[in-house]
Amino acid sequence: PVTEGKLRKVFDYFISSYKSNKQRSNAVGPLDSTMTMNHVLALMEKCNLFDPNYNVKKCTEAYGGIICDMDLLPQEHPNNQNSEMIFWEFLEFLVRVARLKNSGSKDPVGELVKRWVETEFIPTCARVIPGKL
């Protein structure tokens with residue numbers, strides 16, 4: 001539950017901080033509860049999460065595989081605003097990212113994902129997001 005709460009804060013922060021999808025009130029609310037491909041690209045770039053095993057192309061493929069949209073562009077683009085994922089799909093996306101970033105690991109997927117989220121993803125996001133996670 002603690003990790004889920006932190007991941008929700010990351011999700012909420014990035015959907016509210018992307019300039020093209022901000023609500024007028026600057027608050028996350030029921031009309032702004034989905035993450036687009038542009039949000040994901042902003043998250044990955046700001047948190048410096050790309051590496052040789054996980055690049056923009058693989059990010060786009062992982063995102064597209066979850067939302068069943070393979071016509072996404074591997075760059076910020078207005079067309080990417082039409083693709084949306086909810087929080088639970090975001091969690092599935094993180095599972096796919098963890099597997100890509102640790103493709104050589106023989107560890108069970110659950111352990112691999114938990115370790116990556118807790119030791120790399122959340123700490124990296126905490127350095128970017130104002131306040132504490």
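- Between the side chain of Tyr63 and the main chain of Met37, a donor-acceptor pair closer than 3.5 Å is present.
- Applying the ring-ring contact (aromatic ring centres under 6.0 Å, His included) test to residues at least two apart or on different chains, the pairs with a partner in residues 110-133 are Trp116-Phe121.
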Practice problem: Start with the C-alpha distance between Val56 and Leu41, add both sets of side-chain angles, then the distance that settles side chain to side chain contact (heavy atoms under 4.5 Å, CB included), and finish with yes or no. | Solution: CA-CA 8 Å; Val56 174; Leu41 289 172; 4.0 Å; yes
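- Taking CG of Asn38 as the start and CG of Leu43 as the end, the distance is 12.5 Å to the nearest 0.5 Å.
- The distance from atom CE of Met44 to atom CG of Asp51, rounded to the nearest 0.5 Å, is 11.0 Å.
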Under 3.5 Å, which donor-acceptor pairs link side chains of residues 91-98 to any protein atom two or more places apart or in another chain?
| from | atom 1 | to | atom 2 | distance (Å) |
| --- | --- | --- | --- | --- |
| Glu92 | OE2 | Arg96 | NE | 3.4 |
| Glu92 | OE2 | Arg96 | NH2 | 2.9 |

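- Of all heavy-atom pairs spanning Val128 and Phe14, the tightest one is CG1-CZ, 4.3 Å.
- Ring pair Phe11/Phe90 is tilted by interplanar angle, where 30° to 60° counts as tilted.
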Quiz item: How far apart are the C-alpha atoms of Ile129 and Val10, what are their side-chain angles, what is the distance that settles it, and do they pass the side chain to side chain contact (heavy atoms under 4.5 Å, CB included) test?
Solution: CA-CA 8 Å; Ile129 297 172; Val10 170; 3.9 Å; yes
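- Among Ile15, Ile86, Asp12, the one residue that satisfies the side chain to side chain contact (heavy atoms under 4.5 Å, CB included) test with Met35 is Ile15.
- Put simply, NZ on Lys101 and OH on Tyr54 are 7.5 Å apart, with the number rounded to the nearest 0.5 Å.
- Here the straight-line distance linking atom CG of Leu49 with atom SG of Cys125 works out to 6.0 Å at 0.5 Å rounding.
- For the atom pair Cys59 SG and Leu100 CG, the distance stands at 9.5 Å (nearest 0.5 Å).
- In this structure, Asp107 CG and Arg115 CZ are separated by 4.5 Å, a value rounded to the nearest 0.5 Å.
- Here Lys114 pairs with Glu118 under the side-chain contact (heavy atoms from CB on, under 4.5 Å) rule; sequence neighbours left out.
- Ion pairing between a basic and an acidic side chain is recognised when a charged N comes within 4.0 Å of a carboxylate O; Glu61 and Lys57 show such pairing.
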